[in-house]
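The next block holds one structure in the form of structure tokens; read it before the comments.
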Amino acid sequence: MTSSRQRLHLILDPEVALPGAQRFRFAQLMLILIGIGCTLVDSIPGIDHQLQMAVEMAIALVGLAFAFEYALRLWCAPDLPRLTWLNPAAARWHWALSPAGIVDLLAILPVTGALTWGMILPPDFAAVMVLLFMLKLSAHTPGARLIGRVIYNERRTLLVVMIMFGIVLIAAATLAHIAERADQPEIFGSIPKALWWAIVTLTTTGYGDVVPQTAFGRIIAGFVMISGIGVLALLAGILATGFSEEVKRRDFVRIWELVARVPLFSGIGAQAIADVVARLKARYFPPGAMVVRRGAPGDSMFFIAAGEVEVRLQPESVILSEGMFFGEMALLDRRPRSADIVTLTSCTMLVLAMPDFFQLAGQHPALAKAIEAEAARRRGEG
Ligand code: CMP
């Protein structure tokens, strides 16, 4: 049984794909954008007094909504998977001191402080609020954790590239200093001074405010520019591969967890499970969705990881629930679908495409036999 606090915790989780959680994220994003828009308008000097009152009121309302969200997050903190080992008070304390808790608190402090105690707002109130709202936005976007993980996973390779970047930077500044100090002493007179030119050139920004005059200086500049392109390409490559690996790893773990709910897969061994997991795709269906239509060609079968479906047979329907499967008969018999199947609740299904079905059946005969046995039983019933 899930408590109301656990349900709310799921809605607040930026990684959850439930419809309620998605609606919450949309509302939160809208509020942040309204907050940012209003603070931008508020920062324009000499705006109409009434407009200013209206946008400040809107900022206050956004602040209050975030204060309410903060209270909810604090209440739900004991359900965070990483904090379940703590008692509720300690879990809330832990969350309040975590980066996410501090960001959420900072985003509400100026507005709630001003509303509660009539606190004097800082002169750069609008700028501060925009920065805090942006911080909150980045902390709660579903991709933020992903980016954090990718950087953490690739930290060693990134460090090597950054060290290379540093070496090229200092070498470039030193060589440019040697080549150019006589011609342009105010810009290349010391290595620290030449660093500005080196960084602008190495990052291929090229403001053009500092340009080498000597032939040697220009040759160095050419090498630095080419090295800059190389370093940036290396960084982009490392991050892109890191992202794709992390996304694959996450999908694998998520599907592994869902596969564990299907009894058919429980006794087939680790290697077979890994093969199955690599071929399944998770799909969400809302209640009342037609998953399979009678007479349509069958190109996949479905395992129910969560929820219930109705198999509309004549004269009676059959209900299939979590752990069961359907859609196998069209694949085995190479015939059109034998019944309509409609979801009764929101469902998470694991979908196995026809080519993968036959490949798996060939590799794991026990699995194929179990599916065939169930299909034979259903044919007998139908
Ligand atoms: P398929 O024919 O591909 O599409 C409709 C599905 O309904 C079918 O595969 C079976 O998976 C399922 N089905 C058919 N008859 C029964 C039954 N008697 N009990 C449970 N499921 C069934």
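Just follow the structure's listing: the first ligand is 1, and inside any ligand the first atom is 1.
Proximity to Ala339 (heavy-atom distance under 4.0 Å) selects the following atoms of ligand 1: 5 (C). Within the listing of ligand 1, atoms 1 (P), 2 (O), 4 (O), 5 (C), 8 (C), 14 (C) sit less than 4.0 angstrom from a heavy atom of Ser338. Near Glu328, meaning under 4.0 Å from one of its heavy atoms, ligand 1 places the atoms 9 (O), 10 (C), 11 (O). Residue-ligand proximity, Ala330 to ligand 1, at heavy-atom distances under 4.0 Å covers atoms 1 (P), 2 (O), 3 (O). Listed by atom number, the atoms of ligand 1 under 4.0 Å from Phe326 heavy atoms are 11 (O).
For the residues Ile341, Leu320, Val291, Val309, the heavy atom positioned nearest atom 7 (O) of ligand 1 is part of Ile341. Residue Leu313 holds the heavy atom nearest to atom 15 (N) of ligand 1 of all those in Leu313, Asp299, Val292, Ile319.
At least one heavy atom of Gly327 sits less than 4.0 Å from an atom of ligand 1.
Of all the heavy atoms of Leu331, none lies under 4.0 Å from any atom of ligand 1, so neither backbone nor side chain is involved. Of the heavy atoms in Asp333, none comes closer than 4.0 Å to ligand 1.
Trp85 contributes atom CH2, which lies 5.0 Å from atom NE2 of His94 (distance to the nearest 0.5 angstrom).
With respect to Lys193 and Glu186, no salt bridge is recorded, no charged nitrogen being found less than 4.0 Å from a carboxylate O.
The number of heavy atoms from other shown groups lying within 6.0 Å of CZ (Arg249) is above 12. Remark: Arg250 CZ is packed, more than 12 non-hydrogen atoms of other residues, nucleotides or ligands lying under 6.0 Å away. Enclosure of atom CE in Met57 is not indicated, since only 12 or fewer non-hydrogen atoms of other residues, nucleotides or ligands lie within 6.0 angstrom.
Panel note: side chain Arg25, backbone Asp13; a donor-acceptor pair is recorded below 3.5 Å.
Ring centers of Tyr70 and Trp95: under 6.0 Å apart, within the cut-off.
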